Q: 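One structure, as structure tokens, below. Some questions next.
Chain A is the first sequence line, chain B the second, and so forth, proteins listed ahead of strands; every chain is numbered from 1. Just so it is clear, the model here is predicted, and its values are computed rather than measured.
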Amino acid sequence: MNFHLTKDRETKAHEMIARYPKKRAAMLMVLWLVQEQEGWISEAAMGYVANLLEVTAADVYDVVSFYTMYNRKPIGKHHIQICNNCCCRLRGADWLVNYVKQKLGVNVGESTPDGKFHLSTVECLASCGTAPMMQINNDYYENLTAEKVDGILEKL
Amino acid sequence: MTLVITKNFAGPNMARLDVAMKHGAYVTLEKILAMKPEAVVDEVKRSGLRGRGGAGFSTGMKWGFVPKDTTKPIYLVVNADESEPGTFKDRAILEKDPHLMIEGIIIASYAIKAHTCYIYFRGEFYRQWELMERCLAEARKVGIIGNNIKGSGYNLNIIAHRGAGAYICGEETALLSSLEGYRGWPRIKPPFPAVEGLFGCPTIVNNVETLAVCPFIIREGAAAYAKLGTEKSPGTKLFSVCGHVNRPGVYEVPLGYPFAKLLSEECGGTIEERKLKALIVGGSSVPVVTGEEALGLRLDYESCAGCGTMLGSGGVIVIDETACAVQVLADLARFYAHESCGQCTPCREGTGWSKKVLDRLEAGLGSSEDLNLLLAIADNMQGKTICPLADALAMPIRSWIKKFRTEFEDHVRLKGCPFPS
């Protein structure tokens, strides 16, 4: 299987690489470009990144498998991440997890059959004062109520 | 009350360069560029500023550790990997006054003679990273950063970098490994980063809040800063308050401020005026104190140490009588088990075992031996690993069991959690 970044993203990748004295240092930023394009990072993509940064595919896999935000398989389009660390649990995270589970009809770690949503629980997003909260893709949604959650999910 | 960091937080559009400059951003540049770098280090040393990431080490002294005779490039790295449960103060700076931090970066970089600075954002801070990219582009355009800043001959390149979800990267050597494109594994010290850090070169790693304080010190002078707070803990500090309070949020108060006052005045007291049961004052890693101890506590490094805990990052978690001690500790154990990088066996195994034992205690399946087992695991983790992540669970385990022992024993005796779920 072949993998390529789009022309624009490839240009961006080269800009990223130029920001560091060693190519490998651009690893995380280039992997972000891959995930932004595909939604996940395949082994073919890892091979592409390895070539680009002049490291082995194993070096790339080592990094991808270490960091929790890189997806090694395709997931739903909107990735809902609910914080259920201790601070959020003190302010209603359990309620939020159950509410979203029921609303979407999925368990934590699953995607909806239409591939629209994927639900995860995560550990501390530095949003403890505005709990309960969730992150969907790049955005934070805070001080959540049932009404707010309904409105947010409907708009996606 | 003098506000060093949050003075302009309420202003709209502070991320716009023209607005920030109207509020006094970058006025210190001409002053420092006319100073010798060593004089900038001395000024910060004299202010008594202590690192706000959690360790509380003298910032000026740290800057002074860069070898004088080095022929290698020197780096400044900003730790914006804020991930410690209870801590959300750096995020406030990044969102509400990003130019304040950039100004601090220029001051610090000039002082340590660095020409490149990397800002390491936690991966989840996408919007904050994006905002910083815009701020940096604007500052570059008008020559506040880049080559020959304000005709001084001083060059500084600032690069915003994103992590990808790993609490351990907040530990400075793990952060450097991650920044070099490796898994975020901490490194053995020495060599300390100031001597051999990023790409093997002298590197100073500073926290976001620490840097945001520097413009005030340069503008108003070290003495003006040292006048705030207490003698040994000078200055103000951001406290991010969460948990069972009416007004959670980020508050700037002088060090030495009574916790009881922060709770009642800034935070509007506990929810429904319920009884304060416990306080985690400096982020999830520090030992817990009881409600009674908390009400007599002053928020500075020495008072916290005197109470058997640490000021840490200033992540204040307020816990009232409705919370179960075993549940809170089990949640903390799950966090550390999840975030252990796996490099050192005592931490990799110890955090996981602690989580399992605490989960079974909470579920009512524990035995009276489990408390001793937890304390033994804590002893076998603390001080036996490369970085302090294991200590960061060992300390809560010891303190929660010491201060709330009967509650743990009740779970064994009643074969279940006495608190409504």
Q: Can you find a heavy atom in the side chain of V241(B) that is under 4.5 Å from one in the side chain of V318(B)?
A: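 V241(B) reaches V318(B) side chain to side chain.
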
Q: Among M16(A), Q35(A), Q81(A), E142(A), which residue forms the greatest number of heavy-atom pairs with chain B at distances under 4.5 Å?
A: E142(A)

Q: Can a salt bridge be assigned to the pair R19(A) and E133(B) using a cut-off of 4.0 Å between side-chain N and carboxylate O?
A: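 Here R19(A) pairs with E133(B) in a salt bridge, since their nearest N and O are under 4.0 Å apart.
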
Q: Might you confirm whether atom NZ of K22(A) has over 12 heavy atoms from other residues, nucleotides or ligands at distances under 6.0 Å?
A: no

Q: Pick one of side chain, backbone, both or neither for S178(B), based on which atoms fall under 4.5 Å of a heavy atom in chain A.
A: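 Both backbone and side chain of S178(B) come within 4.5 Å of chain A.
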
Q: Report which part of S83(B) has an atom under 4.5 Å of a heavy atom belonging to chain A: side chain, backbone, both, or neither.
A: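 Just the backbone, heavy atoms under 4.5 Å.
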
Q: Sort by residue number and list every member of residues 86-98 of chain A having a non-hydrogen atom under 4.5 Å from chain B.
A: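 Checking residues 86-98 of chain A against chain B gives C86(A), C87(A), R89(A), L90(A), R91(A).
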
Q: Using a 4.5 angstrom heavy-atom cutoff, name the option from G315(B), P73(B), G184(B), C242(B) with the most pairs to chain A.
A: G184(B)

Q: Which one, A323(B), G86(B), G249(B), leads in non-hydrogen pairs under 4.5 Å with chain A?
A: G86(B)

Q: Can you tell me which portion of R122(B) sits under 4.5 Å from chain A's heavy atoms? Options are side chain, backbone, both or neither.
A: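 Just the side chain, heavy atoms under 4.5 Å.
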
Q: For the side chain of Q37(A) and the backbone of H4(A), is there at least one donor-acceptor N/O pair under 3.5 Å apart?
A: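 Pair found, side chain donor or acceptor close to backbone of H4(A).
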
Q: Examine whether an atom of S65(A) lies under 4.5 Å from a heavy atom of chain B, and if so say whether it belongs to the side chain, the backbone or both; otherwise answer neither.
A: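 Looking at S65(A), just its side chain touches chain B.
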
Q: Side chain, backbone, both or neither: which part of A333(B) has an atom under 4.5 Å from a heavy atom of chain A?
A: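 Neither part.
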
Q: Does F117(A) reach the side chain of V100(A), with side-chain heavy atoms less than 4.5 Å apart?
A: no

Q: Carefully, step by step, assess T6(A) and D8(A) under the rule side-chain hydrogen bond (donor to acceptor under 3.5 Å, both in side chains).
A: CA-CA 6 Å; T6(A) 59; D8(A) 282 2; 5.9 Å; no

Q: Identify which of L125(A), N137(A), V63(A) forms the greatest number of heavy-atom pairs closer than 4.5 Å to chain B.
A: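 Highest number of pairs under 4.5 Å: L125(A).
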
Q: Can you say whether the rings of Y118(B) and F199(B) are parallel (under 30°), tilted (30 to 60°) or perpendicular (over 60°)?
A: perpendicular

Q: So what's closer than 4.5 Å to chain A heavy atoms on L198(B): side chain, backbone, both or neither?
A: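 When you check distances to chain A, no heavy atom of L198(B) falls under 4.5 Å.
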
Q: Which atoms of I271(B) come close to chain A, meaning under 4.5 Å heavy atom to heavy atom: side chain ones, backbone ones, both, or neither?
A: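 Contact with chain A involves the side chain of I271(B) alone.
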
Q: Shorter than 4.5 Å, heavy atoms on both sides: which option in K23(A), M27(A), M29(A) has the most such pairs with chain B?
A: M29(A)

Q: If you count heavy-atom pairs within less than 4.5 Å of chain A, which of C169(B), G342(B), A330(B), G163(B) leads?
A: G163(B)

Q: Flag the pair E130(B) / Y126(B) as yes when at least one side-chain heavy-atom distance between them is below 4.5 Å, and no otherwise.
A: yes

Q: Side chain, backbone, both or neither: which part of E82(B) has an atom under 4.5 Å from a heavy atom of chain A?
A: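 The answer is both parts of E82(B).
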
Q: Where on V250(B) is there a heavy atom nearer than 4.5 Å to chain A: the side chain, the backbone, both, or neither?
A: neither

Q: Would you mind checking which part of R91(B) comes under 4.5 Å of any heavy atom in chain A, side chain (CB onward), backbone (N, CA, C, O), both or neither?
A: side chain

Q: Salt-bridge test for E36(A) and R162(B): reply yes if a basic N is under 4.0 Å from a carboxylate O, no otherwise.
A: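 Answer for the salt bridge query: no.
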
Q: Fit a plane to each ring of F125(B) and Y140(A), take the angle between them on a 0 to 90° scale, and name the class: parallel (under 30°), tilted (30 to 60°) or perpendicular (over 60°).
A: tilted

Q: Is a salt bridge present between R334(B) and D359(B), judged by a nitrogen-to-oxygen distance below 4.0 Å?
A: no

Q: When the aromatic ring centroids of F404(B) and W400(B) are compared, is their separation below 6.0 Å?
A: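 Yes, close enough.
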
Q: Report yes if the side chains of C347(B) and Y336(B) come closer than 4.5 Å at any heavy-atom pair, otherwise no.
A: no

